[in-house]
Amino acid sequence: MDIIHLLPDHVANQIAAGEVIQRPASCLKELVENSLDAGATHIQVVVRDAGRTILQVVDNGSGMSETDVRMAFERHATSKLRDVSDLFDLRTMGFRGEALASICAVAQVEVTTRRREDELGTSLLIHGSTLVSQEPCTCAVGTNIKVKNLFYNVPVRRKFLKTDATELRNLLTEFFRIVLVYPKVQFTFVSNDEILFELPASTEKQRIEAIFGKSNARTTYSSQLLDVKTDTELVSIRGFVANPESCGKTAQQYFFVNGRYMRHPYFHKAVLGAYTGMLPGDYQPSYFIYFDIRPDLIDVNIHPTKTEIKFADEQSVFHILMAAIRESLGKFTLVPTIDFDRSGEIEMPVHTSPQTTPVQAPQIVYNPNYTPFVKSSYTPSFPSSQATPVVDAGADLLAHQSPLLLDADTPVQQYAGKYIFVPTESGIVVVNQHRAHVLVLYHQLLGQLESHQGASQQLLFPEVIGLSADEMAVMAVLLTDLRAIGWELEQFSPSSYSVTGLPAGMEPSQAVATLRSILGSVRERGGNLRSEYRQSIALMQAKAAAIPYGKRLSEEEMRDLVKRLSSLASYRVTPDGKPVVSLWSTEELDRRFQ
Ligand code: ADP
Ligand code: MG
């Protein structure tokens, strides 16, 4: 019996789909790229449940004929490539004719499409590669593809999808990579009936502002960007880089080549190289760099999902890029630094920003433990921050026993508006009051996030908080959880929320700052699991609400705090790793008195 046979088409398509369509975001990319290839000037993306249930792309592009639309869903059906030689002169986004076949192998797809010259359009229904129906219909010029229940027939893939929060972020990441190269095209992004982005046709800079700018920030995002431009035989480079003063620990970093997003770790180094000496170690510059290069000088026949692109002469491009950015930074920070102390020689202007290179204060060397009463030997005085060995020894003890058991008659004492001293059997436990409260609140908030039982206090005057489109997207994802801990929030406009109620016990004056730090922290930390961003919410909220330093506490308040702290399974460090308690052991104290 012969054992070799050809795979049925729908099986082959499902296998191919595994490569091209891994998640809703890859589906979005393929559909939007098709719309761009079809010359659309307005593209709408509509998703429900982060693209799991519905992912729809509506364009006003060329549309397809009745025959073409059926063909389009066949494997290797493409209108963009006829010959291998075409591969080397490729200016369209897609060319393999794989995307639509792959998508309809793993979803239920509805298409309506009409060309300008046709009176009637066509409507098509395909379920898992099988054509269910095709009929004429009246519809607008262009193409409307609705992908429903992605991976409905591939449970394994469905299971691999992350939370809606993560998949929505992935969708937006893909969306940004495209809309940043097509500023002249109008885009709309709707998620669960909420408009997250409404991007009019604009310039590149305006597009960047529309995505990353904050409506109520003091300065616009794009005003912190410096122009970069250079034209050489080999490559044209233009775009924007952040001025060093505006840089922080997070950054937007984008490379595009011939209208396509790419990752390029080597060129990334060139950018960082240009900033040498201008940024503190953990700071990152934002950049949006657009390369234009002859298509035959880059490797285009790459896998559609790969974002790394190979250049013919990477070293030269590296140097051209670095020089171009240096020049832009130089124009911004051109302040000649002349060092008169150096034997008459004058330094060339160096591209450093006087504001970002901190002026070194003259160093005063002092010994904090110096005491005039002891003549020679080094003796640490009592509450010294230098006395790390004490902390270490204590931390070790704390790990093994629970010295924080409070008797009714244990005296407690506040010191310096910061610390609570609690004498115990093994020594003196010093509790950092703010951090202790952060930790207690953190665990309480995590509980409320689970149980949705956070109490709320009404605000007399609702506050309106303006958010960037990016923050709006994060907010949409966090709403349920924020409400669970007592926030009362309603969307006020496409770029703002009104705050009508706060978690009980929170200072109204801190509301907006706290919300911002929650959004910022979730966005920065990311996280795939709901539990991960819940941790961010709980920590930021706890930090905002915890007893501040300098606040005088009554004995009762101190006892209450210490009791709540000691009832936690672990109370040595805050969720972000800072010590909460320190033990000055009896041995340690004894040693000091020898
Ligand atoms: P590729 O883009 O690699 O050609 P696809 O499977 O993505 O392959 O699309 C197949 C063909 O369907 C395209 O070549 C194009 O002719 C047609 N097509 C797909 N989407 C659209 C659209 N939104 N508007 C017009 N034609 C489209
Ligand atoms: Mg395509």
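Counting starts at 1 for both ligands and their atoms, following the listed order.
F255 has its ring centre no less than 6.0 Å from the ring centre of Y261.
By the 3.5 Å distance cut-off applied to N or O atoms, L100 is counted among the residues near ligand 1. Considering backbone and side-chain N/O atoms, E30 never comes within less than 3.5 Å of an N/O atom of ligand 1. When only interatomic distances are considered, the shortest N/O to N/O separation between S62 and ligand 1 does not fall below 3.5 Å. Backbone and side-chain nitrogen or oxygen atoms of A99 are examined, and one is located within less than 3.5 angstrom of a nitrogen or oxygen of ligand 1.
Scanning R115, M64, E74 for the heavy atom closest to atom 27 (C) of ligand 1 points to M64. For atom 12 (O) of ligand 1, the candidate residues are G142, C104, A72; the nearest heavy-atom contact is made by A72.
Ionic pairing of K229 and E327 is not present here: no N-O contact between side-chain nitrogen and carboxylate oxygen is shorter than 4.0 angstrom.
The part of D59 lying near ligand 1 is the side chain, judged by heavy-atom distances below 4.0 Å.
For the pair R238 and Y290, the cation-pi criterion (under 6.0 Å, within 45° of the ring axis) is fulfilled.
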Side chains of residues 132-148: which donor-acceptor pairs under 3.5 Å do they make with residues two or more places apart or in other chains?
| from | atom 1 | to | atom 2 | distance (Å) |
| --- | --- | --- | --- | --- |
| Q134 | OE1 | R70 | NH1 | 2.8 |
| Q134 | NE2 | E66 | O | 3.2 |
| T143 | OG1 | T113 | OG1 | 3.0 |
| N144 | OD1 | Q56 | NE2 | 2.9 |
| K148 | NZ | E110 | OE2 | 3.0 |

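The side-chain hydrogen bond (donor to acceptor under 3.5 Å, both in side chains) search around D227 returns none, not counting sequence neighbours.
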May I have the step-by-step check of side chain to side chain donor-acceptor pair (under 3.5 Å) for H268 and Y287, ending in yes or no? CA-CA 10 Å; H268 173 74; Y287 57 81; 2.6 Å; yes
